[in-house]
Amino acid sequence: MDANGQIASTLDPAMPLSPISATTAPQSRWYSLSYALHVVVALADCWRHSGDLGLVQDLWSAVTGQLSWAHSLVNADGLLVTDSNTGMDWHPQFGGALVGQVSVFNVVYVKALQDAAAMATALGDTALAASYTTRASAARTGLGSVLFNTTTGVYDISTSLTGTVAQDSNALAVLWGVADDSRASAMLDRLASSLTTASGHRAFSTDTGWGSVISPMVSGFEVGALFRAGRASEAL
């Protein structure tokens with residue numbers, strides 16, 4: 001973690017392991033707000049599958065520090081606002097950092113807050129759990145009111161990139177229940193109609209100007225979303 005609470009989000013696998021809550025970390029590793037938030041989600045997944053609450057306790061200061069720092073970036077809509085220092089993600093070759101109110105970062109933020117609330121409850125901190133739940137609800141509402149495009153039927157990439165279709169934010173929103181269940185099926189239909197190629201689903205619609213790359217990682221989230229929506233044959 002740095003002094004603000006941000007978790008280092010890219011580490012060279014050849015480096016020696018050190019505690020995630022260390023006060024010092026390798027330079028140039030503060031790559032992505034999204035990646036740092038995924039650490040919270042990954043910890044919650046590990047806890048749910050293993051029952052290892054001790055691990056959660058050991059890393060809890062990193063979780064609370066990360067979410068406190070993220071909260072400092074939230075605007076009046078309850079949404080994270082990223083800049084060139086925080087807006088990198090898995091696809092930098094398609095335009096660099098995503099700045100402003102970005103759907104995929106905020107979908108991950110909602111999930112991280114919800115998972116942190118569950119972990120806080122397990123640790124006996126009901127007040128913190130309630131605070132995280134309130135923040136998650138505000139961000140989820142902001143996503144629906146600011147970033148959901150009623151014309152396309154999916155979340156816009158950001159407030160400055162509208163009218164296009166992105167696989168990552170929308171698949172994750174359905175997979176994690178961030179999107180309203182009433183919208184989920186239509187969102188998946190839109191991903192299929194806008195992104196399908198003979199080789200799989202593109203990561204972004206061609207009108208983004210970002211090319212027609214297919215991402216196995218992000219397609220995995222869409223497979224999970226299809227299963228969650230009861231569309232197993234499509235997932236398979």
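For the atom pair NE2 (His38) and CG (Asp89), the distance works out to 7.0 Å, reported to the nearest 0.5 Å. How far CG of Leu67 is from CG of Leu37: 7.0 Å, rounded to the nearest 0.5 Å. Atom CD of Gln66 is separated from atom CG of Leu43 by 12.0 Å, given to the nearest 0.5 angstrom. How far CG of Asp45 is from CG of Asp115: 6.5 Å, rounded to the nearest 0.5 Å. Atom OG of Ser185 sits about 11.0 Å away from atom CE of Met187, to the nearest 0.5 Å. Rounded to the nearest 0.5 Å, atoms CD (Glu234) and CZ (Phe227) are 10.5 Å apart.
Closest of all the heavy-atom pairs between Ala136 and Leu113 is N-CD1, 3.6 Å. Nearest approach of Tyr109 to Ala139, heavy atoms of both residues: CD2-CB, 4.0 Å. In this structure, Val108 and Ser34 approach most closely via the heavy-atom pair CG1-O, 4.1 Å. Summarising the geometry of Ser205 relative to Leu195, their closest heavy-atom pair is N-CD2, 3.4 Å, with the distance given to 0.1 Å. The two atoms that bring Val154 and Thr164 nearest to each other are CG2-O, 4.2 Å, heavy atoms only. Residues Tyr155 and Ala173 share a closest heavy-atom pair of CE1-CB, 3.6 Å.
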Intermediate values then yes/no, side-chain contact (heavy atoms from CB on, under 4.5 Å), Trp47 and Leu53: CA-CA 6 Å; Trp47 161 60; Leu53 190 60; 3.7 Å; yes
Exercise for the section: Carefully, step by step, assess Thr86 and Leu80 under the rule side-chain contact (heavy atoms from CB on, under 4.5 Å). Expected result: CA-CA 10 Å; Thr86 56; Leu80 290 173; over 6 Å; no
message: Run the side-chain contact (heavy atoms from CB on, under 4.5 Å) test on Leu161 and Thr208 for me, step by step, so that the C-alpha distance in whole Å, both residues' side-chain angles and the decisive distance to 0.1 Å come before the verdict.
response: CA-CA 8 Å; Leu161 293 169; Thr208 60; over 6 Å; no
Let's go through Leu191 and Glu222 carefully: what are the C-alpha distance in whole Å and the side-chain angles of both, what is the deciding distance for side-chain contact (heavy atoms from CB on, under 4.5 Å) to 0.1 Å, and is it a yes or a no? CA-CA 9 Å; Leu191 293 185; Glu222 188 178 357; 3.7 Å; yes
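Checking side-chain atoms of Ser32 against main-chain N and O of Met88 turns up a donor-acceptor pair under 3.5 Å. Although no hydrogens or angles enter the test, the distance criterion places a donor-acceptor pair under 3.5 Å between the side chain of Ser103 and the main chain of Asp156. The main-chain N or O of Thr159 is never found under 3.5 Å from a side-chain atom of Thr162 such that the two would form a donor-acceptor pair. The backbone N or O of Thr133 lies less than 3.5 Å from no partner atom in the side chain of Ser137, so there is not a single donor-acceptor pair. No donor-acceptor distance shorter than 3.5 angstrom exists from the side chain of Asp180 to the backbone of Ser182, with no hydrogens or angles considered. Side-chain atoms of Thr82 come within 3.5 Å of backbone atoms of Leu98 as a donor-acceptor pair (strictly under, hydrogens ignored).
The hydrophobic clustering, which links ILVMFWY residues whose side-chain heavy atoms are closer than 4.5 Å, places Met217 and Trp176 together. A continuous path of Ile, Leu, Val, Met, Phe, Trp and Tyr side chains, each step under 4.5 Å between heavy atoms, connects Met119 with Val41, placing both in one hydrophobic cluster. Note on Val99: it does not cluster hydrophobically with Val104, by side-chain heavy-atom contacts below 4.5 Å among ILVMFWY residues. Val218 and Val223 fall into different hydrophobic clusters, defined by Ile, Leu, Val, Met, Phe, Trp and Tyr side-chain heavy atoms under 4.5 Å apart, directly or through other members. Follow the hydrophobic side-chain contacts under 4.5 Å out from Val74 and you reach Val40 in the same cluster.
The aromatic rings of His91 and Phe204 sit perpendicular, their planes meeting at an angle over 60°, well past the 30° parallel limit.
For the pair Leu147 and Leu79, the minimum side-chain heavy-atom distance is below 4.5 Å.
Crowding of His201 atom NE2: a count of heavy atoms from other residues, nucleotides or ligands under 6.0 Å exceeding 12.
Remark: the Asp125 side chain and the Trp60 side chain contain no N/O donor-acceptor pair separated by less than 3.5 Å. Using modelled atom types, one finds a donor on one side chain and an acceptor on the other under 3.5 Å when comparing Ser160 with Ser158.
Using a cut-off of 4.0 Å between Lys/Arg side-chain N and Asp/Glu carboxylate O, Arg231 and Asp189 are scored as salt-bridged.
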